[in-house]
Amino acid sequence: MFERQIKIPTAEELCKEIPVPAALKKIKTERDRLVKDVIAGLSDKFLVIVGPCSAHESAPVYEYVKRLGKLNERVGDKLVLVPRIYTNKPRTRGVGYKGMFSQPNPENKEDILLGIKTIRKLHLEAIEASGLTAADEMLYPENYAYIEDVLSYVAVGARSSENQMHRLVASGIDVPVGIKNPMGGSIPVLLNSVYAAQSPQVFKYGEWQVSTKGNEFAHTVLRGAVDSYGNDIPNFHYETVMRVFRGYLNADNMKNPAVIIDANHSNSGKDFRQQIRIVEEVMQNRLYDRDFKRIVKGFMIESFLVEGRQNRDVVFGQSITDACLGWEDTERLIYDIAEKV
């Protein structure tokens with residue numbers, strides 16, 4: 001039984017209430033182009049989607065993105081830095097903290113209307129302060145419309161990649177969508193998800209029957225897999241990436257072959273420090289094989305101001321979900337990536 005609590009305004013109503021200023025729209029247009037050009041192979045730059053596992057509080061995220069904007073000024077000729085501002089992401093079991101969209105204060109109860117307003121204001125302040133537009137995870141497809149005008153990249157998580165609604169909505173998104181391999185690690189299932197997102201679709205979205213033209217910038221993200229015993233199985237190694245490459249080649253009408261390597265999660269066994277080693281191996285493989293370099297277009301890296309994680313929001317700028325690299329290691333790692341692109 002559902003108890004009605006608060007009526008949430010439509011996305012159109014809230015976007016009018018908290019609009020994107022014209023100057024920031026221009027920044028987003030250019031940033032969208034930069035990211036698309038990388039995925040399409042029109043740019044030699046490398047994509048780095050980096051930031052906290054979950055954006056649980058505005059102030060440290062704002063500080064992190066400001067630092068990233070300054071770093072972007074020094075590496076922007078080689079890299080396209082996209083801050084992770086993941087506002088829908090709950091704890092793994094879906095119990096407790098629900099993400100900023102639902103729970104703008106992690107110590108308080110859910111307040112979705114306040115959460116939507118909070119994340120729109122955070123995104124706008126972050127763009128203005130850094131010149132960078134962000135990535136977010138589309139955990140709940142019906143929530144995407146509330147932030148679609150501020151994002152330059154959208155991720156579909158491993159637990160969602162086989163969900164038909166995620167595939168359908170991804171087909172109508174006008175920025176690149178990275179679809180993670182499912183938890184079991186199936187490459188054919190992953191490629192099927194990308195194919196569906198790249199294809200025209202007709203479906204019910206909100207109160208409307210809608211049609212899409214397909215998103216030619218939908219692509220794969222390798223995040224590792226989990227076997228039936230709960231063991232992590234990395235899939236960032238050369239052999240798996242080349243299987244994805246061949247899968248793209250063998251598929252009909254697949255556009256813009258691209259792989260993003262998620263350096264954390266099951267690739268690292270959730271040992272956040274291993275992200276540095278994983279990045280190093282992938283960059284070496286890009287030097288070794290031209291096809292590998294052609295298809296691997298970037299990384300997802302979990303990073304925050306303070307390394308590690310905490311159970312409650314006590315330490316400013318430390319994750320309350322997955323453990324992350326600290327800022328100093330992140331800065332060194334980004335410089336290292338830029339040198340090897």
Side-chain angles (χ1 to χ4, degrees), residues 27 30-51 64-65 67-85 130-135 151-155 175-180 194 216-224 235-238 240-242 244-245 248 255-265 267-268 274-303 324-325 327 329-341:
I27 293 173
E30 174 59 17
R31 291 274 301 166
D32 290 355
R33 184 192 66 78
L34 287 172
V35 180
K36 288 178 179 178
D37 283 354
V38 173
I39 298 301
L42 300 176
S43 169
D44 291 331
K45 292 183 180 181
F46 201 67
L47 193 62
V48 180
I49 301 155
V50 59
Y64 181 93
V65 175
R67 294 188 191 184
L68 204 63
K70 292 178 181 178
L71 184 55
N72 186 65
E73 294 173 2
R74 299 191 286 272
V75 300
D77 59 329
K78 298 288 188 67
L79 307 179
V80 178
L81 299 184
V82 179
R84 285 173 56 114
I85 303 183
S130 68
L132 304 179
T133 46
L151 300 177
S152 287
Y153 188 94
V154 175
V175 298
V177 176
I179 301 178
K180 293 191 177 186
V194 173
E216 65 183 46
F217 300 102
H219 58 275
T220 62
V221 179
L222 297 180
R223 52 85 70 202
N235 62 9
F236 65 90
H237 298 302
Y238 175 83
T240 306
V241 172
M242 296 312 291
V244 177
F245 178 75
Y248 267 113
K255 300 175 182 177
N256 301 319
V259 170
I260 302 296
I261 301 295
D262 180 346
N264 211 12
H265 297 102
N267 273 330
S268 70
Q274 293 298 316
Q275 295 182 100
I276 298 170
R277 176 186 62 80
I278 290 165
V279 166
E280 176 67 23
E281 179 178 322
V282 171
M283 295 307 291
Q284 287 297 321
N285 283 334
R286 289 183 88 244
L287 296 174
Y288 167 74
D289 189 294
R290 184 166 49 189
D291 288 335
F292 188 99
K293 181 177 182 179
R294 197 170 94 198
I295 197 169
V296 175
K297 304 291 179 66
F299 290 113
M300 287 184 177
I301 297 168
E302 290 195 325
S303 151
C324 298
L325 290 174
W327 176 254
D329 283 337
T330 301
E331 191 174 38
R332 284 193 294 269
L333 184 58
I334 288 174
Y335 280 132
D336 188 54
I337 295 169
E339 288 178 2
K340 293 175 180 175
V341 164

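- Legend: residues meeting ring pair (Phe, Tyr, Trp, His ring centres under 6.0 Å) with F217, ordered by chain and number and at least two apart, are absent.
- Taking the side-chain contact (heavy atoms from CB on, under 4.5 Å) definition, one finds that I27 meets it with L24, R31, I127, sequence neighbours left out.
- The two residues I261 and F236 have their closest heavy-atom pair at CG2-CB, 3.7 Å.
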Using atom types as modelled, flag every donor-acceptor pair under 3.5 Å from a side chain in residues 34-44 to any protein atom, sequence neighbours excluded.
residue	atom	partner	partner atom	Å
K36	NZ	D174	O	2.9
D37	OD2	R33	NH1	2.8
S43	OG	K45	N	3.1

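- Not counting sequence neighbours, H265 has no partner by the ring pair (Phe, Tyr, Trp, His ring centres under 6.0 Å) test.
- Under the rule for a side-chain contact (heavy atoms from CB on, under 4.5 Å), the partners of I276 that lie at least two apart in sequence or sit in another chain are L325, D329, L333.
- In this structure, the side-chain hydrogen bond (donor to acceptor under 3.5 Å, both in side chains) partners of E280, at least two apart in sequence or on a different chain, are Q284, K340.
- Remark: K70 pairs with no residue by the side-chain hydrogen bond (donor to acceptor under 3.5 Å, both in side chains) rule, at least two apart or across chains.
- Side-chain atoms of H219 do not come within 3.5 Å of backbone N or O of I179 as any donor-acceptor pair.
- Taking the side-chain contact (heavy atoms from CB on, under 4.5 Å) definition, one finds that T220 meets it with L190, L191, V194, V244, Y248, V259, sequence neighbours left out.
- Scored by the salt bridge (Lys or Arg N to Asp or Glu O under 4.0 Å) test, E216 finds no partners at all (sequence neighbours excluded).
- Considering all non-hydrogen atoms of both residues, S152 and T133 come closest at OG-OG1, 2.6 Å.
- The side-chain hydrogen bond (donor to acceptor under 3.5 Å, both in side chains) search around S303 returns Y64, T330, not counting sequence neighbours.
- Annotation: the span from L68 atom CG to E331 atom CD amounts to 10.0 Å, rounded to 0.5 Å.
- Closest of all the heavy-atom pairs between K78 and A338 is NZ-O, 3.6 Å.
- Going from atom CD of E302 over to atom CZ of R84 covers 4.5 Å, rounded to the nearest 0.5 Å.
- Taken from CD1 in I260 to CZ in F299, the straight-line distance is 9.0 Å, to the nearest 0.5 Å.
- Y335 is listed as a side-chain neighbour of R74, based on a closest heavy-atom distance under 4.5 Å.
- Shortest non-hydrogen contact noted between M242 and D289 is CE-OD1, 4.2 Å.
- Annotation: salt bridge (charged side-chain N to carboxylate O under 4.0 Å, His left out) contacts involving residues 291-300, sequence neighbours excluded, comprise D291-R294.
- I337 pairs in a side-chain contact (heavy atoms from CB on, under 4.5 Å) with only one of the listed residues (V282, V50, V279), which is V279.
- Contact between L132 and P83 at its shortest, heavy atoms only, is CB-CD, 3.9 Å.
- A donor-acceptor pair under 3.5 Å links the side-chain atoms of N267 to the main chain of L222, judged by distance alone.
- Residues I301 and A263 approach most closely at CG1-CB, 4.5 Å, considering heavy atoms.
- Under the 4.5 Å side-chain criterion, counting only non-hydrogen atoms from C-beta, I278 is in contact with S268.
- Here F245 pairs with nothing under the ring pair (Phe, Tyr, Trp, His ring centres under 6.0 Å) rule; sequence neighbours left out.
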